[in-house]
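Written out below as structure tokens is the structure these notes cover.
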Amino acid sequence: MADEARTYRAFISYSQQDKLWGKRLHGWLESYRLPAGTTARVPAGERLGRFFRDDEEMAAASNIASIVEKSIDDSESMIVICSPRSAKSQWVASEIERFRRRGRDGKVFAFIIDGVPNSGDPETECFPPALRRSANPDNPNDLPIEPLGLDIRKDGRDRAVARLAAGLLDADFDDLWQRDRRRDESRLRQLILGLTVLSSVFALLAATAVFMGLQARQNERIAHDNLAAFFAERAWQNLDRENTLAAARYALAGRQLSEKNARSYHAVLGAIMFEAGETLPPLLHDGAILSGVYAPDGRTVVTTSQDAAAKVWAADTGTLISILTGHTDRVGAAAFSPNGARLATASNDGSAIVWDTKSFSVVARLAGHEQALQTIEFSPDGLSVLTASRDGTARIWNAATGAERHKLGDAGDTVWTAEYSSDGQRIVTSHEDGTARIWSVADGRLIWTLTGHTGAIYGASFSPDASRIVTTSFDQTARIWNAANGRTLATLEGHTDSVLTGVFSPDGKTVATASGDSTARLWDARTGRLKSILTGHKGTVRAATFSADGEWLLTISNDATSKLWSTATGELSRTLLGHAERIRMGVFSPNGQQILTASDDGTAKIWRARGRPLSSFAVGEDAVAFAELSRDGAYLVTAGQDDTVQVWDAETAKRLAILTEHTGDVYGVAFSPDASHVVTASQDGTSKIWDWKTGKVTATLAGHEGPVTSASYSRQGDRIVTASEDTTARVWDAATGKILFTMAAEGDIVRGAEFSPDGTLIVTAGHDRIARIWSAVDGSMLGMLEGHTGSIGSAAFSPDGKRIVTGSADGTARVWDTADRRAVATLTALKGIVSTVQFSPDGERIATANLDQTANIWDAEDGRLLTTLPGFGSEVRSATFSADGSRMVAASSDGTIRIWDVSRLTQDWDTLATGACTHLLSAASREFSQLEIETDQLLGSEWPDASRDVCSGAQGRPTISELYAAAGIERHARD
């Protein structure tokens with residue numbers, strides 16, 4: 001029966017709260033066509049088949065249950081849209097169990113849109129229990145089925161659909177995905193070829209007559225500009241893949257080729273620089289950088305490299321201070337003494353060197369190991385140096401003389417790590433033979449051998465109080481041991497590949513592990529209970545390290561990214577993008593303000609640890625409905641659902657005033673242009689004008705017959721417009737509080753109202769899915785903006801008044817031409833209700849706040865998503881720009897305000913380009929490689945010279961040769 005033809009390729013099961021996602025996925029799947037060359041059951045170019053979705057297939061049905069049951073029986077597979085809503089849906093559970101009783105468990109696919117799989121927390125768990133029950137619900141002894149989980153948040157649309165297609169057709173995903181990519185490339189090449197042919201035709205026609213020469217040159221330039229426009233698309237494609245270096249090259253090169261398309265390059269380079277984060281100029285070596293370490297005072301960093309050198313850099317500027325040469329093979333590790341007076345380096349040449357950090361002269365050479373050194377560390381008192389080697393031994397050395405004090409173990413399998421306890425009395429070593437060993441520092445005596453792992457142990461670390469040890473192993477587990485008696489306290493199981501690193505948090509309560517399975521995990525250090533699975537890396541997670549306060553965990557990966565996670569929630573805070581190859585290590589500065597990463601791409605980078613968030617503070621326990629900065633940026637005002645309005649110092653987050661005369665939730669608030677007053681909108685049916693510095697109400701705007709949903713000043717400050725659930729909007733005199741006129745139409749609740757910049761128009765947002773444009777002179781209605789399929793919650797004018805943006809419960813925002821009422825761009829917010837919208841001060845960007853717990857920034861011209869600000873943990877109620885466009889304030893339902901630095905998205909081209917060429921791109925990444933040119937027809941046509949610098953021709957940007965010279969590298973090394 002499993003092989004017989006069925007009506008539907010798959011049954012799509014989802015909660016009705018995720019209805020929009022059901023519709024979206026249904027459309028994606030039914031429009032997908034198989035690429036040529038795949039060995040699948042569907043011919044190339046054909047669609048996958050029909051997919052059952054209840055709203056699509058049975059809108060007019062009377063017996064819904066019977067149709068659903070029949071459709072499940074007639075479906076080859078089942079796709080479950082997984083979210084915390086579907087996990088709680090009895091309807092979804094019934095559909096899954098019905099399908100499983102038909103004996104086709106291997107064809108259940110989990111399509112994750114929200115929540116955390118297997119979290120165990122009802123508020124975040126996204127897998128319905130039926131996905132984890134026995135294969136046959138009627139036989140509880142059957143083993144559970146592991147569903148294939150696809151996460152749209154990580155995979156993206158194209159990859160997720162391809163993965164589903166491969167699973168549905170039993171095809172090889174890698175083959176299908178690569179053919180998909182080649183098909184896209186082919187389409188682009190065909191378009192480019194068409195443009196090229198068109199250009200040639202124009203040129204040929206023009207050449208037939210001398211008087212047409214000017215036209216020929218013009219047409220050739222048009223074709224060239226059209227080709228160059230694709231550089232922006234290439235940049236976006238690479239940014240989507242998190243390859244910021246390639247993305248920046250395409251944006252910078254495109255701008256050199258075509259000034260006509262300058263806006264496109266500008267938009268994408270702003271997004272690239274925003275996503276990449278703030279760094280100092282790259283620290284360069286002539287080879288892979290294997291390690292990096294901060295001095296105890298945080299003023300300098302040392303990097304070690306495959307080029308057999310260590311380099312000392314200023315941590316605040318990235319300036320090279322000294323090059324330490326003396327090893328004859330690559331330098332794999334370095335360590336400072338606790339007082340910072342000495343530096344030790346360890347090399348594959350079997351030796352270590354102790355250096356004086358003032359003169360950078362050699363203090364002692366530690367010779368005796370017979371093979372490469374793996375790690376090096378000073379004792380807590382700084383008098384000894386500990387090394388671990390591939391020769392099977394660890395050794396303790398006199399830091400002043402280089403004399404060997406103790407040899408720990410005999411020649412044999414590799415010692416991967418060696419570490420002192422915090423009191424300096426013991427050492428723990430990890431071994432290739434599957435053991436860890438505890439040694440006495442005083443006499444080098446072996447105290448305990450920790451046995452139990454069934455594979456090599458790659459790491460062993462003490463807890464901060466030295467009472468416990470964590471080990472990590474090839475056997476895919478980590479273990480926590482009692483350091484006093486060598487007994488196992490807990491085995492940490494769950495990784496599906498080698499566990500490479502384990503480390504205790506500063507308070508000793510949590511253990512973090514990093515694995516070849518592309519995840520890191522957080523565990524309770526006392527019980528061994530799994531707390532969080534940190535997913536998102538696309539390659540081996542090599543290491544994890546805690547910040548000094550324990551609030552953050554940094555993971556580094558072979559996928560060329562580092563990620564910063566909240567240890568409290570396990571949520572991803574940010575991804576550090578800017579390396580071209582795998583990252584070897586990452587570490588926080590002593591004060592936690594910086595992060596140092598080292599990569600095989602020959603660069604180390606020093607990052608601003610906080611990234612784009614400038615500040616975050618709690619306004620109260622209740623939701624914040626709205627927040628905005630004053631025009632001078634000095635003050636911040638918040639409206640709360642605790643009936644209060646608060647004014648804050650925007651720089652220090654100090655509360656300056658609390659206004660408490662409303663008797664209902666405050667839905668909206670706005671500063672007057674000079675910031676001397678604020679106007680509020682409340683559930684109690686009134687608006688109030690406040691002199692916030694005195695805390696007094698200067699006028700109460702009474703007359704609405706329902707809750708007031710918004711209130712705002714005209715740009716001139718002479719009038720106020722309010723919106724209400726009584727289906728009207730009203731205009732008031734800002735000085736006297738006198739009502740001037742009422743705007744009413746046959747409709748529904750008015751969610752928001754705003755003046756145009758010149759004060760002549762007003763736009764209102766309606767619950768009836770219509771935005772209306774009114775005369776601000778007499779209140780007459782001038783036109784309607786129709787097209788949304790859900791309630792409109794917010795509407796705003798562009799700075800020049802020529803456009804209007806609306807945000808809706810249908811999951812979109814739309815940009816409209818004010819004059820002809822035509823929609824010119826649609827912003828798809830993906831996950832539901834858009835709560836507020838606003839143009840940036842230059843009109844180039846749009847901010848949206850979304851109830852999917854994100855705020856987004858979009859390109860106002862073409863509706864492209866520029867960036868998503870994640871990690872709010874609750875609904876985002878408002879997102880507003882500062883008057884200069886450099887900051888964005890977001891208010892959320894957890895009572896928190898977050899202020900973000902969004903200046904990269906609004907900076908001028910020269911500032912962005914200079915930043916990209918000096919801080920993002922290194923000397924080695926400012927040119928397209930020959931391989932890139934050979935495999936990209938666009939580059940081959942428009943940028944064929946592999947020695948051409950994408951940053952050339954601009955003032956103030958150092959040349960490639962100058963960058964190498966500043967790093968002490970004499971030659972321009974090319975791969």
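We number each residue from 1, following the sequence as shown. All of these numbers come straight from a predicted model, not from anything done at the bench.
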Could you check whether any side-chain heavy atom of [X] comes within less than 4.5 Å of a side-chain heavy atom of [Y], counting everything from C-beta outward?
X: Leu577; Y: Asn243; value: no
X: Arg898; Y: Trp900; value: yes
X: Leu920; Y: Thr244; value: yes
X: Leu245; Y: Leu921; value: yes
X: Phe617; Y: Thr896; value: no
X: Thr828; Y: Arg24; value: yes
X: Trp816; Y: Val824; value: no
X: Leu869; Y: Asn856; value: no

Is the backbone of [Y] close enough, under 3.5 Å, to the side chain of [X] for a donor and an acceptor to pair up by distance?
X: Ser794; Y: Gly807; result: no
X: Ser878; Y: Ala627; result: yes
X: Thr836; Y: Thr880; result: no
X: Thr826; Y: Ala813; result: no
X: Glu754; Y: Phe797; result: yes
X: Arg948; Y: Glu927; result: no
X: Gln256; Y: Val950; result: yes
X: Thr906; Y: Gly885; result: yes
X: Ser798; Y: Gly843; result: no
X: Asp901; Y: Ser903; result: yes

Would you say the side chains of [X] and [Y] form a donor-acceptor pair under 3.5 Å?
X: His579; Y: Thr603; answer: yes
X: Lys563; Y: Thr575; answer: yes
X: Thr911; Y: Thr914; answer: no
X: Thr279; Y: His919; answer: no

Taking 4.0 angstrom as the limit, do [X] and [Y] come out as a salt bridge?
X: Glu861; Y: Arg263; answer: yes
X: Asp949; Y: Arg957; answer: no
X: Arg864; Y: Glu233; answer: yes

If you round to the nearest 0.5 Å, how far is [atom2] of [Y] from [atom1] of [X]?
X: Arg814; Y: Glu786; atom1: CZ; atom2: CD; value: 11.5 Å
X: Glu242; Y: Thr561; atom1: CD; atom2: OG1; value: 6.0 Å
X: Tyr265; Y: Ser258; atom1: OH; atom2: OG; value: 4.5 Å
X: Phe274; Y: Ile857; atom1: CZ; atom2: CD1; value: 5.5 Å
X: Arg715; Y: Asp758; atom1: CZ; atom2: CG; value: 9.5 Å
X: Leu785; Y: Asp817; atom1: CG; atom2: CG; value: 10.0 Å

**Report entry** Worked check of side-chain contact (heavy atoms from CB on, under 4.5 Å) between Ser712 and Val721
**Finding:** CA-CA 6 Å; Ser712 62; Val721 61; 3.5 Å; yes
Requested in this report: Apply side-chain hydrogen bond (donor to acceptor under 3.5 Å, both in side chains) to the pair Thr867 and Glu275, showing each step before the final yes or no.
Outcome: CA-CA 7 Å; Thr867 193; Glu275 294 298 326; 2.3 Å; yes
Requested in this report: Identify which one of Gln907, Arg845, Met888 satisfies the side chain to side chain contact (heavy atoms under 4.5 Å, CB included) criterion when paired with Val902.
Outcome: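 Result: among Gln907, Arg845, Met888, Met888 is the only option passing the side chain to side chain contact (heavy atoms under 4.5 Å, CB included) with Val902.
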Requested in this report: Can you establish whether the number of heavy atoms outside Glu651 located under 6.0 Å from its atom CD is more than 12?
Outcome: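 No, because the 6.0 Å sphere around CD of Glu651 holds 12 heavy atoms or fewer from other groups.
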**Report entry** Over 12 foreign heavy atoms within 6.0 Å of CZ, Arg769
**Finding:** no
Query raised in the report: Going through the checks in order, is the side-chain hydrogen bond (donor to acceptor under 3.5 Å, both in side chains) test met by Ser573 and Trp565?
Result: CA-CA 5 Å; Ser573 173; Trp565 312 80; over 6 Å; no
Report task. Using the salt bridge (Lys or Arg N to Asp or Glu O under 4.0 Å) rule, take Asp768 and Arg772 through it: C-alpha gap first, then chi angles, then the decisive distance, then the call. Result -> CA-CA 11 Å; Asp768 60 1; Arg772 293 175 171 85; 3.0 Å; yes
Query raised in the report: Using the benzene-type ring in the case of Trp, are the ring centres of Phe928 and Tyr250 under 6.0 Å apart?
Result: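 Yes - the distance between ring centres of Phe928 and Tyr250 falls below the 6.0 Å cut-off.
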**Report entry** side-chain contact (heavy atoms from CB on, under 4.5 Å) assessment of Arg887 paired with Leu629
**Finding:** CA-CA 9 Å; Arg887 291 174 290 171; Leu629 290 163; 4.1 Å; yes
Requested in this report: Carefully, step by step, assess Ser264 and Asn261 under the rule side-chain hydrogen bond (donor to acceptor under 3.5 Å, both in side chains).
Outcome: CA-CA 6 Å; Ser264 297; Asn261 296 295; 5.1 Å; no
